[in-house]
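Each remark here refers to the structure printed beneath this line.
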Amino acid sequence: MGSVPQEFLPESSSKSPPARTTQPDTGQRQGSDSGLGKVTPVSGLPTHVAIIMDGNGRWARQRGLPRTAGHRAGAKAVRAVVEECLRRGVSALTIFAFSSENWRRPKSEVRVLIELFMSTLRIEIRRLVEHDVCFRVIGDLSAFSEKFQRQVREAEQATRDNRGLSLQVAANYGGRWDIAQAARALASELVAGRMDLDAIDEAAIGARLATSGLPDPDLFIRTGGEKRLSNFLLWQSAYAELYFSELMWPEFDADALALALADFARRQRRFGLIGEQLGEPGGGLQHNALQNDQVPPNFPNEGASDADASHRLDTPMMPVQSARDLA
Ligand code: FPP
């Protein structure tokens, strides 16, 4: 793609999504409306949100447009969601831009997706820096061109000290690939005598996953009406709350995210414990027994290396007994 499509330029106000009924924003908004005012994380807010952005193709087809127009509209939706995460104080966002399976799509579509990724990054990098977003790509980057890899490295470098939001974009990513590469890393350390067999535990694996240094996702959103995990963050989402939206990804805006966050805030999370252990009156008949800003037993990734330090979040451990302590 030689030039960036007009509809995707930052200040563009072209084609807005068709009107839909917006429901009340039940989330807690803080900060100024003029910019991406940072907020203090609020109780019940997920620390890490993961999103499968599905439905670009169908959104386009419904409008008689080529699928690639759906991807362009989808890229605009990414920005809206990133901004909303910043405004609300979500600490980490991981989005699935290109799966290991997406290579099987028609060559022309794959090319557009890659070019869109690169042009978006070129345009947005300034905003990412300004708004304190730490950007990183997770996935097997070796399959992409050297130019692509260089652009990613430069963006990661330019944002590595930012702390406002940790944004992971998954490209040529698959959950099974991630687990396999972590296993391979451990095996090679073992063979080299740098790792004891007994030291291979969940934390050791977590520390070698592509998301190393981040807490696991608390909220896993998929748009487009399908109810599948599609090989996204399989290990990391063990305790994630799942949220499926009927909206096609280009329709998923700040209000839609607010609804997902409000739904999450009402969920009860137990991490294998029972209501009484969590101090609930009635043993768990109330919602939100374990506040959603509390953390699962295996958080944070204890073994994260220093190389991952820029992605480590400063979220405090909450006073929840770990499953290990209880055993
Ligand atoms: C799924 O919709 C979407 C993708 C495979 C690509 C997601 C890409 C973007 C949102 C744009 C670029 C992203 C960034 C970060 C710049 P689909 O094509 O599978 O939709 P369908 O199920 O309706 O066919």
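Whatever order the structure lists them in is the order used to number ligands and atoms, beginning at 1. Values reported hereafter were calculated over all heavy atoms of this structure, with side chains retained and with hydrogens, waters and symmetry mates removed. Everything quoted here is computed from the prediction, not taken from an experiment.
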Checklist entry - Considering Gln62, Glu101, Arg105, Glu226, which one's heavy-atom position lies nearest to atom 17 (P) of ligand 1? => result Arg105
Next on the checklist: Working to the nearest 0.5 angstrom, can you tell me the gap between Leu209 CG and Leu214 CG?
Outcome noted: 11.0 Å
Item to check | Centroid-centroid distance, Tyr173 to Trp103, less than 6.0 Å | outcome: no
Next on the checklist: Distance under 4.0 Å to a non-hydrogen atom of Leu113: what atoms of ligand 1 satisfy this?
Outcome noted: 6 (C), 8 (C)
Next on the checklist: Side chains of Arg222 and Ser230 only: does a donor on one sit below 3.5 Å from an acceptor on the other?
Outcome noted: yes
Checklist entry - What atoms in ligand 1 come closer than 4.0 Å to a heavy atom of Ala97? => result 6 (C), 7 (C), 8 (C)
Next on the checklist: Can you name the atoms of ligand 1, numbered from 1 with element, that are less than 4.0 Å from a heavy atom of Asn102?
Outcome noted: 5 (C)
Item to check | Heavy atoms from other residues, nucleotides or ligands near CZ of Arg176 exceed 12 (cutoff 6.0 Å) | outcome: no
Next on the checklist: Which of the numbered atoms in ligand 1 are under 4.0 angstrom from any heavy atom belonging to His71?
Outcome noted: 11 (C), 18 (O)
Checklist entry - In terms of atom number and element, which parts of ligand 1 are under 4.0 angstrom from non-hydrogen atoms of Thr120? => result 16 (C)
Checklist entry - Between Met118, Met53, Arg79, Arg67, which one has a non-hydrogen atom sitting closest to atom 18 (O) of ligand 1? => result Arg67
Checklist entry - Quick one: does Arg136's side chain get under 4.5 Å of Arg160's, heavy atoms only? => result no
Checklist entry - Among the heavy atoms of Gly55, does any lie under 4.0 Å from an atom of ligand 1? => result yes
Checklist outcome for this item: CG (Leu93) and CZ (Phe135) are apart, to the nearest 0.5 Å, by 11.5 Å
Checklist entry - For ligand 1, which atoms sit closer than 4.0 Å to a heavy atom of Trp249? => result 10 (C)
Checklist outcome for this item: A student comparing Ile95, Asn56, Val81, Leu121 should find that the heavy atom closest to atom 10 (C) of ligand 1 comes from Asn56
Next on the checklist: Whether the Ser91 and His48 side chains hold a donor-acceptor pair (N or O, under 3.5 Å, no angle test) is what I'd like checked.
Outcome noted: no
